[in-house]
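Down below is the structure, laid out as structure tokens.
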Amino acid sequence: MTDLIGKRTHYCSALRESHIGQEVVLMGWVQHRRDHGGVIFVDLRDRAGITQVVFNPVISAAVHEKAQEIRNEYVIGVKGKVAARLEGMVNPNMETGAIEILADELEVFSRAKTPAFQIEDRVEASETIRLQYRHLDLRRPQLKNNILARHKATMAVRNYLDANGFIDIETPFLTKSTPEGARDYLVPSRVNQGQFYALPQSPQLFKQLLMIAGFDRYYQIVKCFRDEDLRADRQPEFTQIDMELSFVTEEQIMEMAEGMIRTVFKTVLDLDLDPSFPRLTYDEAMERFGLDRPDLRFGLELCNVSDIVAKTGFKVFASVVKNNGLVKAINAKGCASFTRREIDELTEFAAVYKAKGLAWIKIKEDQWQSPIAKFFTDDEKEALRQRLDLEPGDIVFFVADQPKITNEALGQLRNELGRRLNLIRDDEFKFTWVTDFPLMEYDETEKRHQALHHPFTCPNKEDLDKLETDTLNVKSRAYDLVLNGIEIGGGSIRIHDMDLQKRIFKLLGIGEAEANEKFGFLLEALESGAPPHGGIAFGLDRLIMLVCKEDSIRNVIAFPKTQKATCLLTQAPSEAGLAQLQELGIRISKISEQ
RNA sequence: GGGGGUGUAGUUCAGUUGGUUAGAACGCUAGCCUGUCACGCUAGAGGCCGCGAGUUCGAGUCUCGUCACUCCCGCCA
């Protein structure tokens, strides 16, 4: 009798009072069944929304009888007339709450066992269960909406970049290992036994080659792979919006990227962002916020007090300054009421970032309450009062250590204070560019220079002379885009001159032989007519995470992995069969426990 | 590699100083109910207390180990 397949007329979000009287066919999953004995209500759900279906024996006794067997998550098709809800029965909480479908046909396409958890936002199943039944989890409005937002965002990106002359070009996944940076995922080669491809950490070199090939503007929304330990905002495979342009300045690249981000927010959230994102140099970001990814949604800026305490009686501070360290402070306005316990918690927090201690002073009406106040002279106190704008009711925190530790610990403490004091509005989006990064830093453990960005980043023109002589003070033409304290994108002008590229390799301790072996193809290309070029890559997952106000990228990825990089749905990774291993010429040696 | 948190019914959780029969809510099953929309009422089923050792007369509870999930440090241009 019933054969509804292929006859769907609407999604479950579509029907309104204007459709009353129309005959419609809906398909979907049973969100909920309410059996009143005489009449049965079913909330029918599809990707778009929910519509109430009524099975009334007055309309069709047979269909009402058939509806008895319906259970949650059954997949059904329903034909019927759109009707107005009865007087006083309108549900204002539903998009389609003014109408209902009076079913005169019902087809059960699939029965379903009771789901492991209920398909509702208010039911919080553990992440283990959710990942194990991801197909069910994805039915929940929260995840479904995140995935739909992600689609809208990538479409906005594609349209924007296409309109601006960018060409979508695919680059290989089976490629060559590049030693700089993260650990590679390796793929064994069957036809070349003992040899391995690496999955790309980013299409960096390929997009540079595409510029040299003359494509001028390239983009790709592309998976990248890094075999490193995971975090809430890090997955072993993640997606980048990757782009590269020829014959442009960093200004033009940043402008282009800003336009793209603005389009994404307009498309997904209907939000108009500030006309121009603020700029901070790396040095300024470190000075004021302690981190190269400052959260600009609140104040609490860091303040350098090294000069004031250089000769103080508090030996910890004085000796740090003497040893080229840094003493910085944050004035938490009006927080002198912090308890001993809260201060201890903050001290513990700072210790995570290697701060050896967290000094503090509570500013009272008549005195400074603090374990260290007694060491300061009146002049020092007055200087601190002015520098930090100290007023009664304030508490000020100090970290004294080598610059790297002072900045990191106090910068993280600033974020923690922002959270604790509820200074962060979660509907705000505060962007900032960070520019003028150092080109290189010194790796103490490996005793050599390392590229802060990557080895293909162009140094600032005016610093070229001191490349070898004053390496650590050379700035680069790199830029990061930071949103609410999270790095969402980064890029640079690249080196298009082979001689300069060779100089950089040399500084990084990459010998000529090694450079030729690993990057020979790039050097060769640089000799073949390389245009000046640069680009940027955005972490799509992180961007969508922020757009969707999630705190884990797992909630914006359809099938994410656990912290141990496993997939609870498919049980990947798993052991390979002997025959497969033999074909690959691989033997597994398990290290036995002692 | 290291530190913290969690693990008890299908799900989310409670579980007293170690004590005899491990509870609640939601979900599920059955029955009743013609206007619900977190429907209602009645009854019922459902437990390897993550796993393994140990201490003890006795362990969900204490100890050790282990596994899984998670947050963080290291790591991640």
Side-chain angles (χ1 to χ4, degrees), chain A residues 31-44 50-59 64 68 71-73 83 85-94 96-97 100 102 113-133 136 178-184 201-202 204-205 224-236 238 240 292 348-355 408-409 412 416 437-441 443 445 450-457 476 478 480 487 490-492 508 537 539 551-552 554 561-564 566 568 593:
Chain A
Q31 174 71 32
H32 206 60
R33 182 187 65 120
R34 293 178 294 280
D35 185 348
H36 284 252
V39 62
I40 297 171
F41 298 96
V42 163
D43 290 337
L44 190 64
I50 291 179
T51 299
Q52 174 166 286
V53 179
V54 187
F55 295 94
N56 193 324
V58 173
I59 305 278
H64 173 262
Q68 305 275 0
R71 292 294 181 273
N72 284 356
E73 301 310 315
R85 298 272 184 106
L86 299 182
E87 186 73 26
M89 295 301 159
V90 168
N91 185 344
N93 301 320
M94 280 176 87
T96 59
E100 60 195 6
L102 306 180
K113 59 182 181 183
T114 305
F117 50 88
Q118 288 159 262
I119 313 300
E120 290 170 337
D121 273 346
R122 67 192 168 80
V123 176
E124 270 306 322
S126 75
E127 190 147 19
T128 313
I129 299 290
R130 289 174 46 210
L131 289 173
Q132 207 173 331
Y133 301 94
L136 298 180
T178 48
E180 204 78 18
R183 195 176 289 119
D184 288 313
Q201 297 176 30
S202 89
Q204 180 60 35
L205 294 178
C224 301
F225 306 86
R226 289 173 196 176
D227 187 5
E228 295 292 347
D229 287 349
L230 309 189
R231 287 283 194 287
D233 61 354
R234 264 194 244 159
Q235 284 272 303
F238 60 100
Q240 280 191 348
D292 62 2
E348 237 171 86
F349 179 88
V352 169
Y353 303 95
K354 308 279 185 292
E408 173 81 9
Q412 296 284 0
E416 175 68 9
F437 280 81
L439 183 70
M440 296 188 196
E441 60 187 349
D443 188 323
T445 45
Q450 264 194 334
L452 206 72
H453 197 61
H454 56 53
F456 319 108
T457 302
S476 69
D480 278 359
E487 182 203 324
S492 63
L508 292 170
D551 16 75
S552 164
R554 292 188 297 275
K561 296 200 167 41
T562 69
Q563 198 164 38
K564 281 188 71 187
T566 65
L568 295 180
E593 303 116 53

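Each chain gets a letter, A, B and so on, in the order the sequences are listed, and its residues count up from 1. These numbers come from a predicted model, not from an experiment.
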For [N], does the base pair up with any side-chain atom of [X] as donor and acceptor (N or O, under 3.5 Å, distance only)?
{"X": "A/Arg234", "N": "B/C76", "answer": "yes"}
{"X": "A/Asp43", "N": "B/C37", "answer": "no"}
{"X": "A/Glu87", "N": "B/G35", "answer": "no"}
{"X": "A/Asn72", "N": "B/G27", "answer": "no"}
{"X": "A/Arg33", "N": "B/C37", "answer": "no"}
{"X": "A/Arg231", "N": "B/G74", "answer": "yes"}

Seminar exercise, completed: So CG of A/Asp35 and NE2 of A/His64: to nearest 0.5 Å the spacing works out to 6.0 Å
Exercise. To the nearest 0.5 Å, how far apart are OG in A/Ser492 and CG in A/Leu439?
Worked result: 9.5 Å
Exercise. Between A/Ser126 and A/Asn56, which is nearer to the 5' end of RNA chain B once each is assigned its nearest nucleotide?
Worked result: A/Ser126
Exercise. If you find the nucleotide of RNA chain B closest to A/Met94 and the one closest to A/Ala537, which residue's nucleotide is nearer the 5' end?
Worked result: A/Met94
How many Å lie between [atom1] on [X] and [atom2] on [N], as a whole number?
{"X": "A/Glu127", "N": "B/U12", "atom1": "CD", "atom2": "P", "answer": "12 Å"}
{"X": "A/Ile40", "N": "B/G31", "atom1": "CD1", "atom2": "P", "answer": "12 Å"}
{"X": "A/Arg226", "N": "B/C75", "atom1": "CZ", "atom2": "P", "answer": "15 Å"}
{"X": "A/Ile50", "N": "B/U36", "atom1": "CD1", "atom2": "P", "answer": "18 Å"}
{"X": "A/Leu136", "N": "B/G27", "atom1": "CG", "atom2": "P", "answer": "17 Å"}
{"X": "A/Ile119", "N": "B/C37", "atom1": "CD1", "atom2": "C1'", "answer": "18 Å"}
{"X": "A/Leu230", "N": "B/U70", "atom1": "CG", "atom2": "P", "answer": "8 Å"}
{"X": "A/Gln132", "N": "B/U70", "atom1": "CD", "atom2": "C1'", "answer": "16 Å"}

Roughly how many Å apart are [M] and [N], using the [atom1] atom of each and rounding to a whole number?
{"N": "B/G1", "M": "B/G19", "atom1": "P", "value": "38 Å"}
{"N": "B/A45", "M": "B/U36", "atom1": "P", "value": "32 Å"}
{"N": "B/C71", "M": "B/C13", "atom1": "P", "value": "16 Å"}
{"N": "B/G44", "M": "B/A25", "atom1": "P", "value": "13 Å"}
{"N": "B/U61", "M": "B/C28", "atom1": "P", "value": "32 Å"}

[N]: pairing nucleotide in any strand, Watson-Crick or G-U under 3.5 angstrom:
{"N": "B/C69", "value": "B/G5"}
{"N": "B/U11", "value": "B/A25"}
{"N": "B/A38", "value": "none"}
{"N": "B/U63", "value": "B/A53"}

Base, sugar-phosphate, or nothing for [X], non-hydrogen atoms under 4.0 angstrom?
{"X": "A/Arg554", "value": "sugar-phosphate"}
{"X": "A/Glu487", "value": "nothing"}
{"X": "A/Gln52", "value": "base"}
{"X": "A/Phe456", "value": "nothing"}

Taking the minimum atom-to-atom distance to the side chain of [X], which one of [options] wins?
{"X": "A/Glu228", "options": "B/U34, B/C72, B/C75", "answer": "B/C75"}
{"X": "A/Gln563", "options": "B/C76, B/C71, B/C26", "answer": "B/C71"}
{"X": "A/Thr562", "options": "B/C75, B/U36, B/U70", "answer": "B/U70"}
{"X": "A/Tyr353", "options": "B/C73, B/U34, B/U11", "answer": "B/C73"}
{"X": "A/Asp229", "options": "B/A38, B/U34, B/G1", "answer": "B/G1"}

Answer yes or no: is there a donor N or O on one side and an acceptor on the other, between the side chain of [X] and the main chain of [Y], under 3.5 Å?
{"X": "A/Arg234", "Y": "A/Asp229", "value": "yes"}
{"X": "A/Ser476", "Y": "A/Phe437", "value": "yes"}
{"X": "A/Arg226", "Y": "A/Ser202", "value": "no"}

Residue-phosphate contact under 4.0 Å: [X] side-chain N/O, [N] OP1/OP2:
{"X": "A/Gln201", "N": "B/C76", "result": "no"}
{"X": "A/Arg34", "N": "B/U36", "result": "no"}
{"X": "A/Lys354", "N": "B/C73", "result": "no"}
{"X": "A/Thr566", "N": "B/C69", "result": "yes"}
{"X": "A/Arg71", "N": "B/U29", "result": "yes"}

Problem set entry | A/Phe117 ring over B/U11 six-membered base ring, under 5.5 Å and 30° | no
Exercise. Does a side-chain N-to-carboxylate-O contact under 4.0 Å join A/Asp43 and A/Arg34?
Worked result: yes
Problem set entry | Heavy atoms from other residues, nucleotides or ligands near OH of A/Tyr133 exceed 12 (cutoff 6.0 Å) | no
Exercise. For A/Gln68, does the CD atom have more than 12 heavy-atom neighbours from other residues, nucleotides or ligands under 6.0 Å away?
Worked result: yes
